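Quick caveat, the model's predicted, so the values are computed rather than measured.
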Amino acid sequence: MLRPLKIGQLSARCSSTFVSRMRYANRLKVDDEALAAALENGHMLLFHRLSPLLQRSPQGFFRPAMLTTSDVQSILERLGSDRTMIKESILLGCSEQNQVQFCLDVGSLQQAAVEEECRGKFISLRKAFFLLTGPEAPLVAKGQALLRWHQSNGFCSATGEPTQRNPAGSQRVCNSSGIVYHPTMSPVVIVLVTDGKRCLLGRQSSFPQGMYSALAGFCDMGETLEETLSREVAEEVGLEVLDVSYSSSQHWPFPHSSFMMGFHASVSPAHTQVSVDHTELEDARWFSLEEITAALQVMAPLTRENPAPGFWLPPKHAIANRLITEWTLPQRTQ
């Protein structure tokens, strides 16, 4: 089993540079004047009703369109919108290139007109996740998650009164009760189960045709991660796990912003009979190393009508793909 991810493995970046960027980004959440200054020279991801704006390169690769604040203001003016809409943008953070990044949903504007101005296309996030291949995918996911959270938390759960966001978009406040709301994620355990020579994958009916993934489930109130993992495997496929090893974590924007914590787990080779709960999964079965190795080479289909042959796996930036890839590495050396 692979060793748990260590903080030192995250990057070889200069600590002082990283710390200064993190402190600057944190300051922008509370210093409105500094935020306004950063916004003037910021870079922005655009969304239209939560669908990100992507641009296609001459080589055929898709990337999120990262526009400057001045470019966005000019586009807003040309489309007859008030350029002060820019103040509705939400702070994402500060990049390694020291660019302050924001996101803005322009759903009140005509989609086709914005696409023409930006020479791009708004694509649903589920499809975009299969088109994006670089490190931009997590940033796009974060932007959509923050935008969705603000759209869904306009009222206080205690008083029913409207909540007001701060300029950075890092919180909302009910002026009547004083309650402060912060963006949240739902904790989810995702686990790759193995019997030593094979790994177990399942699929939900909502998955694109042919896609299989690691097993996953939400944490119930009061559960530890280990208890959630054991319960989900028992419920979904009727197996009892033995050894458990932590791998890594990831924010996942579906269904509504989940915090995925990834694990490897083993079952006894003598007790591998799968009993699928079809209220949870459409199918689950064991896959050999050869099958998994071949599936890792399959490009994800872009439409349900044009599926890949055989089966395929989640995109490379998904934690499920990472768990599967981790499992194959020691297997190949045996």
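- Remark: side-chain polar atoms of Gln250 are paired, donor with acceptor, to backbone N or O of His317 under 3.5 angstrom.
- Following chains of ILVMFWY side-chain contacts shorter than 4.5 Å, one cannot reach Val106 starting from Ile90, and the two form parts of different hydrophobic clusters.
- Counting only heavy atoms from C-beta outward, the side chains of Glu161 and Asn175 never approach each other to under 4.5 Å.
- Distance check, rounded to the nearest 0.5 Å: OG of Ser186 to NE2 of His256 gives 9.5 Å.
- Looking at every heavy atom in both residues, Leu50 comes nearest to Gln151 through CD2-NE2, 3.8 Å.
- If you chain together hydrophobic residues whose side chains sit under 4.5 Å apart, Leu201 and Ile319 fall into the same group.
- Between the Glu223 side chain and the Asp220 main chain, a donor and an acceptor come within less than 3.5 Å of each other.
- Put simply, the side chain of Phe263 reaches to within 4.5 Å of the side chain of Leu225, judged on heavy atoms.
- Side-chain atoms of Asp243 do not come within 3.5 Å of backbone N or O of Ser266 as any donor-acceptor pair.
- No side-chain donor from either of Ser257 and Trp149 sits under 3.5 Å from a side-chain acceptor of the other.
- For the pair Gly222 and Glu227, the tightest heavy-atom approach, listed with the atom from each and the gap, is O-OE1, 4.1 Å.
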Glu326 and Arg322: CA distance, side-chain angles, deciding distance, salt bridge (Lys or Arg N to Asp or Glu O under 4.0 Å) verdict: CA-CA 6 Å; Glu326 287 175 347; Arg322 185 186 311 162; 5.5 Å; no
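- Side-chain polar atoms of Arg172 and His150 form a donor-acceptor pair below 3.5 angstrom.
- Checking side-chain atoms of Asp82 against main-chain N and O of Met85 turns up no donor-acceptor pair under 3.5 Å.
- Each of Phe207, Phe130, Phe287 was scored for a ring pair (Phe, Tyr, Trp, His ring centres under 6.0 Å) with Trp312, with one residue passing: Phe130.
- Below 30°, between 30° and 60°, or above 60°: for Phe122 and His48 the angle between ring planes is between 30° and 60°, a tilted geometry.
- Trp327 and Ile190 fall within the same hydrophobic cluster, defined by Ile, Leu, Val, Met, Phe, Trp and Tyr side-chain heavy atoms under 4.5 Å apart, directly or through other members.
- Between Val140 and Phe47 the shortest heavy-atom distance is O-CZ, 3.5 Å.
- By the salt bridge (Lys or Arg N to Asp or Glu O under 4.0 Å) test, Arg78 is found to be paired with Glu117, residues two or more places apart in sequence or in another chain being considered.
- For Gln111 and Glu115, the side-chain atoms include at least one donor-acceptor pair closer than 3.5 Å.
- No more than 12 heavy atoms of other residues, nucleotides or ligands sit less than 6.0 Å from atom NE2 of His271.
- Remark: Arg285 is positioned above the aromatic ring of Tyr212, its terminal NZ or CZ atom under 6.0 angstrom from the ring centre and at most 45 degrees off the axis.
- When the side chains of ILVMFWY residues are joined at heavy-atom separations under 4.5 Å, either directly or via intervening members, Leu91 and Tyr181 end up in two distinct hydrophobic clusters.
- Side-chain contact between Leu229 and Thr224: absent, with no pair of heavy atoms (C-beta onward) separated by less than 4.5 Å.
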Solution key, residues 54-64 side-chain donor-acceptor pairs under 3.5 Å, sequence neighbours excluded:
{"residue": "Gln55", "atom": "NE2", "partner": "Cys118", "partner atom": "O", "Å": "2.8"}
{"residue": "Ser57", "atom": "OG", "partner": "Gln59", "partner atom": "N", "Å": "3.4"}
{"residue": "Ser57", "atom": "OG", "partner": "Gln59", "partner atom": "OE1", "Å": "3.4"}
{"residue": "Ser57", "atom": "OG", "partner": "Gly60", "partner atom": "N", "Å": "3.4"}
{"residue": "Ser57", "atom": "OG", "partner": "Phe61", "partner atom": "N", "Å": "3.0"}
{"residue": "Ser57", "atom": "OG", "partner": "Phe61", "partner atom": "O", "Å": "3.3"}
{"residue": "Arg63", "atom": "NE", "partner": "Glu136", "partner atom": "OE2", "Å": "2.8"}
{"residue": "Arg63", "atom": "NH2", "partner": "Glu136", "partner atom": "OE2", "Å": "2.9"}

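- At least one side-chain heavy atom of Ile324 sits under 4.5 Å from a side-chain heavy atom of Leu313.
- Residue Leu139 is not grouped with residue Val72 when hydrophobic side chains (ILVMFWY) are merged at heavy-atom distances under 4.5 angstrom, including chains of intermediate members.
- Atom CD of Glu77 has more than 12 heavy atoms from other residues, nucleotides or ligands within 6.0 Å.
- Residues Leu35 and Asp31 fail the side-chain proximity criterion, which asks for heavy atoms closer than 4.5 Å.
- Residues Gly120 and Leu53 share a closest heavy-atom pair of C-CD1, 3.7 Å.
- Of the possible polar contacts, one joining the Thr194 side chain to the Gly196 backbone as a donor-acceptor pair under 3.5 Å is found.
- Counting all heavy atoms, side chain and backbone alike, Ala137 lies closest to Leu132 at CA-CD1, 4.0 Å.
- Using a 4.5 Å heavy-atom threshold, the side chains of Asn166 and Val30 count as separate.
- A side-chain N or O of Asp71 and one of Thr68 form a donor-acceptor pair less than 3.5 Å apart.
- Proximity of Leu323 to Val191: side-chain heavy atoms (C-beta onward) are nowhere separated by under 4.5 Å.
- With Trp286 contributing its side chain and Val274 its backbone, the two residues share no donor-acceptor pair below 3.5 Å.
- Across Leu28 and Ala168, no two heavy atoms sit closer than the pair O-CB, 3.8 Å.
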